[in-house]
Amino acid sequence: MRGLMSAKKLLLSTATGYNPIPQIVRNSLKRIQNRILQSAPPFLAKDPSVLSTNLIKSYCEKGLVKEARVLFDEMPKRDVVAWTAMITGYASCHHHIQGWAVFCDMLREEDRPNEFSLSSVLKACKGMKDLDCGRLVHCLAFKLGLEGSMYVENALMDLYATLDLSMDDACVIFCNMDKKNAVSWTTLIAGYTHRGDGYNGLALFRQMVVEEAELNPFSFSIAVRACASIGSHLCGQQMHAAATKYGFQFNLPVMNSILDMYCRCSCLFEASKCFHDMGEKDLITWNTIIAGFERTDARESLHIFSQMEPQGFSPNCFTFTSITAACGNLAILTCGQQVHGAIIRRGLEGNMALANAFIDMYAKCGSIRASRKIFNAMSHRDLLSWTSMMIGYGAHGHGREAVELFDEMVRSGIRPDRIVFMAVLSACSHAGLVEEGLRYFELMKRKYNVTPCQEIYGCVVDLLGRAGRVEEAYQLIEKMPFRPDESVWGALLGACRAHKLQKVGMSVARRVLDSRPSMVGTYVMLSNIYAADGIWGEFAEVRKMMRGIGSKKEAGRSWIEVKNQVFSFVVGDKMGPHIEQVYGVLDLLIQHMRESGYVPDSDAMIHEKDGTIKALCRFGHSTSKTSGAEYHKGMIFTSKRKRYAIGIYESGTPQS
DNA sequence: ATAGGGTTAG
């Protein structure tokens with residue numbers, strides 16, 4: 001069977017992944033298939049059933065499941081090995097339901113599954129996310145006396161750790177195993193880590209070390225991931241050292257995991273060093289560092305991206321998702337549009353994560369219509385699609401649309417989570433929809449059983465405060481089941497300032513400062529309250545106190561993209577290469593504001609006495625938290641004729 | 001001849 005050997009070589013030599021299968025490979029496989037089926041047994045060195053099974057496996061490894069199935073159906077007799085190869089083939093190509101169906105056929109034809117078949121079909125159950133099917137297989141394992149096989153036990157553990165609500169079933173299997181191997185340990189550690197419990201994941205890894213179990217690259221990469229999930233760069237560094245000691249510093253998944261850990265722990269220097277020291281890199285390496293920098297330094301992530309293709313790496317969905325987010329956070333619309341073009345050219349626009357990123361990016365760049373267009377064109381939407389669209393509407397002041405979208409989402413059968421409620425409450429707050437907002441706050445607790453967190457309380461305080469219902473807002477804070485943080489008090493103080501409730505504001509600020517003197521934001525708010533009433537003596541006093549405690553609130557920096565160039569500035573900027581143009585645009589904005597009937601707020605005139613600075617203050621610098629990550633809100637101003645977007649960020653990196 | 005665990009976007 002020299003033909004089979006050469007075909008196998010050919011198969012191995014073709015690139016895996018999404019590349020199309022060369023016709024020569026298909027033809028070659030087909031020829032082998034014909035020879036096997038047509039030749040009489042004496043002419044074959046081996047049993048045709050064995051050769052067919054080999055071929056099924058080869059087909060599936062190349063993603064040619066349909067061809068494998070045709071061959072499988074043409075086989076005159078199918079033994080356990082052939083059945084198992086077909087189940088595995090389907091599962092490895094993500095056709096889990098078909099894999100399960102083949103298993104059912106196998107039982108119907110009264111072929112007895114072995115431990116190989118069971119562990120394969122359990123993988124299919126995991127892929128189908130069907131715990132009941134998995135439990136059925138577990139029962140069958142008992143009936144067949146295969147429940148003690150290590151492969152079956154490991155597969156069952158994986159199933160329960162991934163799909164069951166608690167880790168209990170997985171742990172029971174783990175504890176009752178006669179013998180454990182490296183896979184058993186890794187499976188359980190991964191179970192904990194993937195559900196966000198890095199502490200137990202790491203604890204288990206420590207136990208693994210204590211019990212002198214075999215440590216391999218698999219256990220290291222997941223243990224490093226556990227360090228990242230608890231945000232401990234100290235544990236991560238120890239793991240890095242240990243991995244080097246074990247000689248895994250050239251293992252790509254291990255190094256990618258370490259790189260990711262440094263990024264997630266905000267150790268960007270170590271991350272860069274790690275990236276540059278890696279002799280061999282793959283696409284995941286690039287995606288990891290690009291995503292890592294996107295979270296903290298979007299400009300740098302774009303810079304790294306630009307080096308990727310010259311070094312021979314082609315970006316994929318993961319890359320583009322990070323790059324799109326970077327464009328959104330920098331509010332550089334033209335760049336975002338170029339990325340959009342690139343993904344359409346590559347035919348990747350059907351990717352849901354990517355579409356979600358575009359909704360977010362266009363909204364942050366001031367193009368809410370483009371966001372909606374993408375949202376409407378999506379064939380499937382997940383929670384994130386709806387949330388991104390609602391946050392976009394909220395930031396643009398379109399509260400009604402956000403509320404309508406929420407109801408539509410619920411009707412489509414998606415259960416809202418805490419973040420969605422934050423999006424809706426914040427949208428209501430900015431659009432002045434107080435009663436609607438309060439209704440959702442109640443609905444959240446009563447109907448959806450979502451417990452409000454700091455940010456949610458912050459939203460509701462803001463909602464009431466903006467509407468002038470400061471007393472109610474204060475009472476809500478008093479009733480909170482935990483200690484209010486800066487965002488909650490900040491919302492209340494903002495309301496005091498906006499409604500010129502100087503006395504209330506002062507007493508609140510003093511109270512906060514007594515218990516938390518380190519909250520710099522409170523000083524700023526207090527000084528603004530004084531400024532609003534023109535009490536300049538007190539204003540100066542508070543500012544002096546701020547300097548006294550030695551901490552400084554970083555000045556918010558704004559930027560705007562005009563004709564492919566980014567101009568940036570801070571409040572009161574007098575220098576900078578293009579500062580005159582910046583003020584020119586600002587004057588234009590104020591003019592549009594006046595034309596649209598918006599009266600500039602004279603309170604904000606703190607540092608200077610001319611209108612331009614006043615407007616700068618009104619454009620404010622705010623960030624809000626969504627899903628744990630800092631979310632940079634773009635300030636969007638729309639008039640009949642033009643739309644402007646100004647991106648806002650809080651670090652001090654100079655841009656222009 | 002058939003089986004298992006790890007790394008990247010939101």
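Each chain gets a letter, A, B and so on, in the order its sequence line appears, and its residues count up from 1.
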Touch check for Asp79(A), heavy atoms < 4.0 angstrom, all strands: base, sugar-phosphate only, or nothing? base

Describe the nucleic acid contact of Val254(A) in one word from base, sugar-phosphate, nothing, applying a heavy-atom distance below 4.0 Å. base

Considering every strand and a 4.0 Å limit on heavy-atom distances, what is the contact class for Ala291(A): base, sugar-phosphate, or nothing? sugar-phosphate

Near-ring test Tyr90(A)/Trp100(A), centroid separation under 6.0 angstrom: no

Do Asp111(A) and Arg78(A) sit within salt-bridge range, that is, some charged N less than 4.0 Å from a carboxylate O? no

Test Asn256(A) against every option in Thr285(A), Thr288(A), Asn251(A) by the side-chain hydrogen bond (donor to acceptor under 3.5 Å, both in side chains) rule and name the one that passes. Thr285(A)

Covered region of DNA chain B, 5' end to 3' end, by chain A [heavy atoms, under 4.0 Å]: dA1(B) to dG10(B)

What contact category does Asn351(A) fall into here, base, sugar-phosphate, or nothing, at under 4.0 angstrom with non-hydrogen atoms? base

May I ask you to check if Lys281(A) and Phe313(A) form a cation-pi contact, with NZ or CZ under 6.0 angstrom from the six-membered ring centre and within 45° of the axis? no

For Thr187(A), which contact category applies under a 4.0 Å heavy-atom criterion: base, sugar-phosphate, or nothing? sugar-phosphate

Do Phe174(A) and Trp185(A) have ring centroids that are under 6.0 Å from one another? yes

Which is it for Arg135(A) and Asp130(A) under the salt bridge (charged side-chain N to carboxylate O under 4.0 Å, His left out) test, yes or no, and what are the steps along the way? CA-CA 9 Å; Arg135(A) 289 195 194 278; Asp130(A) 194 327; over 6 Å; no

